[in-house]
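For reference, the structure is listed below as structure tokens.
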Number of protein chains: 2
Amino acid sequence: MPRYNVPDVVVRRLPLYLQTLNHIAETGQKVVSSTELGRWIGVSSAQIRKDLSYFGAFGKQRLGYEVDYLRSELKRILQLDQDWHVLIVGAGALGHALVNYRAFEEQHFVIEGVLDHDEAKIGQAIGTLVVQPMSCMAQTVKERHVEIAILAVPARAAQSVADQLIAAGVGSILCYAPITLSVPDDVHVAYIDPVTTLQTMTYYL
Amino acid sequence: MPRYNVPDVVVRRLPLYLQTLNHIAETGQKVVSSTELGRWIGVSSAQIRKDLSYFGAFGKQRLGYEVDYLRSELKRILQLDQDWHVLIVGAGALGHALVNYRAFEEQHFVIEGVLDHDEAKIGQAIGTLVVQPMSCMAQTVKERHVEIAILAVPARAAQSVADQLIAAGVGSILCYAPITLSVPDDVHVAYIDPVTTLQTMTYYL
DNA sequence: GTGTGTGAAACTGTTCACAGCT
DNA sequence: AGCTGTGAACAGTTTCACACAC
């Protein structure tokens, strides 16, 4: 299991492979070739074989890949064979949508709390959770072993909230605000913003 | 203006440059160097200069870039100097959050309608819009000149809705469902899914 | 025969380093 | 003197093509 030199692009493709394998498994198909898997996702068969080879040899010569086996190996590689504890900051429309998004729990991302700064939102129920004040951040992160935070606050608040999260010990941040956060090297940040994405799509139109 | 051979990664960075320039403009700063801009975003100065050079020469030797001028050039390159007409499909929690997200209109993405398949949601008001049935799709796309659709429906419905959107003439789709859509070559698809993103982050934890 | 795993080749993207301009 | 714009060098990523296993 040579894990040292894996390009980031490769890691970003693994969840796609996993998703597609899950989909294929639902149809009852037991074995899949790199060519077939690639057709689903729109990548070449060589790419899939090369990507997987960074982590080991999971296929069977002349057959292809056993769907269930490759699924479990991908889950292991991505550390998805365990629960992860997530804190959502921001209880606006987006925060609501995130808390209600069933796919998190299904994929072992357990939402441990929702925080907001706004007095009017604190105490409000969202699903089985209750919106808590920002002052609960450090305690929740520690007690619930939160590794990942989802930042669903306005852009002007994002950097300050990120700083607090990092101080509280959060190692990964998924940021919905359209700004680039400044964080220490050991903190991982990913960005999701529909406007930014649309702004690249218009180039091609 | 040599527009032919621009790598996709470059186009994806341009909105980041624009965002950061907007931010810098708010502080009143008139001129910025590639080094300073790069520090904000976390890319090298050479990268910024090289990226911009695909589209022309926008800087002033010994000075740097005029913030307002580079902003307007980036907007022109990305075709953001005009309104775009967007249709949202899916009026669940996510659809609501999207319709209420002010940044779309601010950045000239005008939401022309929200559709849903669910009888219970049709007729419901979201902001200034009213949820319409799926049967309105083709008409809305044509009459409101919709170029871009945002797909905020469950994964199992996404492919079928995408097919309908493409048949109606939509050229770009922003898909929130965690599946890879199968579309003709001339249709552009981008994906946003928090679970997929989290699944790559856990690798590094 | 058929599909994996993998070095080597081809291609793409990034960084370097410096000429040129102001 | 200082910062852009850019060819050339370098690094990273993808594709090719084939040995190998069944």
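By convention in this document, chain letters (A, B, ...) are assigned in the order of the sequence lines, proteins followed by strands, and residues within each chain are numbered from 1.
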Discussion item. Please determine whether the number of non-hydrogen atoms from other residues, nucleotides or ligands lying under 6.0 Å from atom NE2 of His117(A) exceeds 12.
Written reply: no
Discussion item. Tell me whether the rings of His23(A) and Trp40(A) are parallel (<30°), tilted (30 to 60°) or perpendicular (>60°).
Written reply: perpendicular
Worksheet item: Tell me, do Leu198(A) and Phe104(B) make a side-chain contact under 4.5 Å, heavy atoms counted?
Response: yes
Item to complete: Report yes if at least one side-chain N or O of Ser33(A) is closer than 4.0 Å to OP1 or OP2 of dG3(C); otherwise report no.
Response: no
Item to complete: Specify the separation, in whole Å, of atom CG of Asp8(A) and atom C1' of dG12(D).
Response: 12 Å
Practice prompt. Nearest whole angstrom, please: distance from the C1' of dT4(D) to the OH of Tyr54(B).
Written response: 17 Å
Worksheet entry | Ile192(A) versus Pro194(B), closest heavy-atom pair with distance | CD1-CA, 3.7 Å
Item to complete: Report the distance from atom CD of Glu36(A) to atom P of dT2(C), rounded to the nearest whole Å.
Response: 16 Å
Worksheet entry | Salt bridge Glu66(A)-Lys30(A), side-chain N to carboxylate O under 4.0 Å | no
Discussion item. Taking atom CZ as the centre, does Arg13(A) end up with more than 12 heavy-atom neighbours from other residues, nucleotides or ligands that are less than 6.0 angstrom away?
Written reply: yes
Response to the item:
Heavy-atom nearest pair, Ile179(B) first then Gln19(A), reads N-OE1, 4.2 Å
Worksheet item: Listed in order of residue number, which residues of residues 57-71 of chain B have a non-hydrogen atom at under 4.0 Å from DNA chain D?
Response: Ala57(B), Phe58(B), Gly59(B), Lys60(B), Gln61(B), Arg62(B), Leu63(B), Gly64(B), Tyr65(B)
Worksheet, complete the sentence: Rounded to whole Å, OH of Tyr17(B) lies from C1' of dT4(D) at a distance of 15 Å
Worksheet item: Is any side-chain heavy atom of Tyr191(A) less than 4.5 Å from a side-chain heavy atom of Pro178(A)?
Response: no
Worksheet item: Does Arg71(B) CZ have over 12 foreign heavy atoms under 6.0 Å away?
Response: yes
Worksheet item: What is the distance from CG of Leu52(A) to C1' of dT13(D), rounded to the nearest Å?
Response: 16 Å
Item to complete: Measure from CZ on Arg12(B) to P on dT12(C) and round the result to the nearest Å.
Response: 15 Å
Worksheet item: Base, sugar-phosphate, or nothing for Thr35(B), non-hydrogen atoms under 4.0 angstrom?
Response: nothing
Worksheet entry | Residues touching DNA chain D, which here means a heavy atom under 4.0 Å, drawn from residues 41-51 of chain B | Arg49(B), Lys50(B)
